There are 4 protein chains.
Amino acid sequence: MLRVANTQARQRPRDSVRTRDALIEAAAAEFNRHGYFNTDTNRIAAAAGYAPASFYKHFTDKREVFLEVYAVWVEREWAEIGELLTARMGRRRMPGRLAKAALEHHKRWPLFRADLTALAATDPQVMAARLKSRRRQIDVMTELLCHAGAASPSRARVLSVLLSFERICDAVAWGEAESLGVSERSVLRELRRVLRDLFG
Amino acid sequence: MLRVANTQARQRPRDSVRTRDALIEAAAAEFNRHGYFNTDTNRIAAAAGYAPASFYKHFTDKREVFLEVYAVWVEREWAEIGELLTARMGRRRMPGRLAKAALEHHKRWPLFRADLTALAATDPQVMAARLKSRRRQIDVMTELLCHAGAASPSRARVLSVLLSFERICDAVAWGEAESLGVSERSVLRELRRVLRDLFG
Amino acid sequence: MLRVANTQARQRPRDSVRTRDALIEAAAAEFNRHGYFNTDTNRIAAAAGYAPASFYKHFTDKREVFLEVYAVWVEREWAEIGELLTARMGRRRMPGRLAKAALEHHKRWPLFRADLTALAATDPQVMAARLKSRRRQIDVMTELLCHAGAASPSRARVLSVLLSFERICDAVAWGEAESLGVSERSVLRELRRVLRDLFG
Amino acid sequence: MLRVANTQARQRPRDSVRTRDALIEAAAAEFNRHGYFNTDTNRIAAAAGYAPASFYKHFTDKREVFLEVYAVWVEREWAEIGELLTARMGRRRMPGRLAKAALEHHKRWPLFRADLTALAATDPQVMAARLKSRRRQIDVMTELLCHAGAASPSRARVLSVLLSFERICDAVAWGEAESLGVSERSVLRELRRVLRDLFG
DNA sequence: TATGAATGAGATTTCATTCAT
DNA sequence: CATGAATGAAATCTCATTCAT
């Protein structure tokens, strides 16, 4: 997850960038395993194989790593989606593919996603980062629709679809769907339907 | 706000209940103002006008008050929705009314809602409470649709709509919509559309 | 010194004011024994017989206790000087008495005085407190001179005398005078002379 | 500032000396800007353009650089005063010139002077350095007075004048005088008076 | 000689929780 | 029932100092 690299750690005490990446990676894992609020900076440092103080050479704050983790997370998501979008495929199969990819991505980061929401509600910077990512989503989606020859939908419409899509993915990732007796297969159907509403 | 059942009882026991209610109410306000994770139990007690130790006479945990706050919150929501549902009105106007009511409710509890999500992802009890409430939502919704003579939709379909609906309301409550240049008016349109998809 | 009270500590876990005073007293002693910059809040708490966290119930900062200690210190000094001033004595003996009293006071607080200077240079609040005390000194001195029938001297003159006086006292308190082979007796002579320059 | 002896030597040794000097200079600037206790050795190294470890190649301690800075500072002061003393001028103008020069010097090093006092009170080595410098002051002053034909004053008298003089200069450098509504011009008058008391 | 990433040691601070009253 | 002073335990953060290169 998030690069791998953990192999042979502690090797040369070199390379600030490597250390930083290792810390981000470790933070991502810890956040996602125990939740942001149950993870302290000591844990992160230790998980990456460093002393507590080392954390503060690279980040001022737990908040700051979180932002970095989020940046990486977004990049990853776009990389995955980018692949899908460039892959030539019929418009027909697109929604299904997108749904599957997004669902997988969310399932990989359940706690992280949950905390993101809580943090964004409190921390303006996290919110700003999230909004930035959202704008990009909207723009790409809109452009995609143009290409597909669909009638250009309102911003509100696109946003609404993106939010719905995301929330439904989260419900699967968090186990809500399953607990409510809704199978992943049927969720996928709903996801496709949400998208198709847009693609027309 | 969060006014609590004032069915009075004996003289003495009332005191205890009153205190407890005051603490719950104070907790709700603090959680919603500063966020669950930035609120400590001493603060809650102080906000309710009690000493720190008093908090622990009534709850074992911060988690426990949260659960109580959530219970009250749910009750409130259902009370509001219940009013709407019993009020005789044409099916036509129903989606619009529901959307407006839900939106108002969410706007009143932005931080609380955000933390709820984060907590549910970590804490089984919170998740359980949330699932219980969700089941009820699904059931009521399903029944409502029957009454309306709509074709009975799948559980997945109902869940998907509820999640979407909720998430879009949150986006307004958290200021996401506004920051993205999407007006509340157009969000309401989307909310109605989401519901109408269901009501047929 | 500074109240005494340390007797029987830990008694009743009562009385916030008592605790606060004990902390101030302990802080004063520690500051004066090891210096402000070599004293940490844990030490202060421990010296007063409390746990580290207790310190923070009463002060936000090491800086804050310092300010309190300073306030107490100033009060003490004025109490001593006040006694002298009210005691009826010939103008002749006044300078000698003042010199002796001040010297004793300074000798009791050598490190504290040294740190006060360093802190005032950095921290506006400490400087402000010091200036306030200085203004009072100047005013009292000026009034005293009027009463003594001396020609009213300029503010600059009074300030200059006060500073000189103080610095010479410090030199004894810090052991500078002794190291330079200047006896306390001859320093006292100089202190009297400095004052007599003013009293005419 | 604090320019250091640039008597060059061999090619190689120069580098080491240069680095050392750069560190001393940087330390002086940092100490005077942020105060000794708010300056860490990494900062000093960085300010001089070196890595943290380099600092420890040249000094064992923060204390040690401070001593070095002090040595340079004293040298500077004497250089300035030496110029004055050798410059042929009437005894009349001497006190005024000395006062002006000293005042300027102090104004250039406010924080450094304040910390010097605090450190001397705690650290025997700093005290020793200060005493050494003080002895020199006393000796030069005494000699000067002989030359001027004044009656040879007691050591106590000379010390008292030096301390007063210094403290009044500091009061200007630290902004005390100004805050108390005492102009620099009137302070200068007092400084001259203090000296004239000695020169008779 | 210089580096700079890394850290041990410890200071600062917070907070849920208790206990004597 | 209520208190509120007190704290154990732990998280956050700093900094002088080292070590492999």
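Computed from a predicted structure; not experimentally measured. Lettering follows sequence order; numbering is per chain, from 1.
Two residues, D/N42 and C/Y56, neighbour DNA chain E, and the one matched to the more 5' nucleotide by heavy-atom proximity is D/N42. Comparing D/D40 and B/Y50 along DNA chain F, the residue whose closest nucleotide (by nearest heavy atom) sits nearer the 5' end is B/Y50. Heavy-atom distances to DNA chain F give each of C/F55 and A/T60 a nearest nucleotide, and the one nearer the 5′ end belongs to C/F55.
Base pairing of F/dT21: its partner is E/dA2, meeting the Watson-Crick or G-U wobble criterion (both donor-acceptor distances under 3.5 Å). Across all strands shown, F/dC13 pairs with E/dG10; the Watson-Crick or G-U wobble distances both stay below 3.5 Å.
Among the nucleotides F/dG8, F/dT12, E/dT12, the one closest to the side chain of C/A51 is F/dG8. Considering only the side chain of A/A53, E/dT7 comes nearest among E/dT7, F/dT7, E/dT12. Side-chain atoms of B/P52 lie closest to F/dA5 of the nucleotides F/dA5, F/dA2, E/dT12.
A donor-acceptor contact shorter than 3.5 Å links the side chain of D/N32 to the backbone of D/L111.
The CZ-P distance, from A/R63 to F/dT12, rounds to 14 Å in whole Å. Taking atom CG of residue A/N38 and atom P of nucleotide F/dA11, one finds them 10 Å apart after rounding to whole Å. Atom-to-atom, CZ of C/R18 to P of F/dG4 comes out at 18 Å; the value is rounded to the nearest Å. One interatomic measurement links the two molecules: CZ of D/F37 to C1' of F/dC15, which rounds to 15 Å at whole-angstrom precision. Following rounding to the nearest Å, A/Y36 (OH) and F/dT12 (C1') show an atom-to-atom distance of 12 Å. As a whole-Å value, the separation of D/I44 CD1 from F/dT17 P is 11 Å. Atom-to-atom, CZ of B/R43 to P of E/dA16 comes out at 11 Å; the value is rounded to the nearest Å. Rounded to an integer number of Å, the gap from CZ of B/F66 to P of E/dA16 is 15 Å.
Below the 3.5 angstrom threshold, one finds a donor paired with an acceptor across the side chain of A/K57 and the base of E/dT7.
Between B/V69 and B/I24 the shortest heavy-atom distance is CG2-O, 3.6 Å. Considering all non-hydrogen atoms of both residues, B/F59 and B/E68 come closest at CE2-CG, 3.9 Å. Taking all atoms of both residues into account, the shortest heavy-atom contact from D/L67 to D/A129 is CD1-CB, 4.4 Å.
Residue contacts shown for C/S54 include a base, since a base heavy atom lies under 4.0 Å away. Residue A/T39 is out of contact with every strand shown, counting any heavy-atom pair closer than 4.0 Å.
OP1 or OP2 of F/dA2 sits under 4.0 Å from a side-chain N or O of B/H58. Note on B/T41: a side-chain N or O is less than 4.0 Å away from OP1 or OP2 of E/dA16.
To the nearest 0.5 Å, atom CG of residue C/L119 and atom NZ of residue C/K62 are 8.5 Å apart.
Only one option out of D/F66, D/F112, D/Y70 pairs with D/Y36 in a ring-ring contact (aromatic ring centres under 6.0 Å, His included); it is D/F66.
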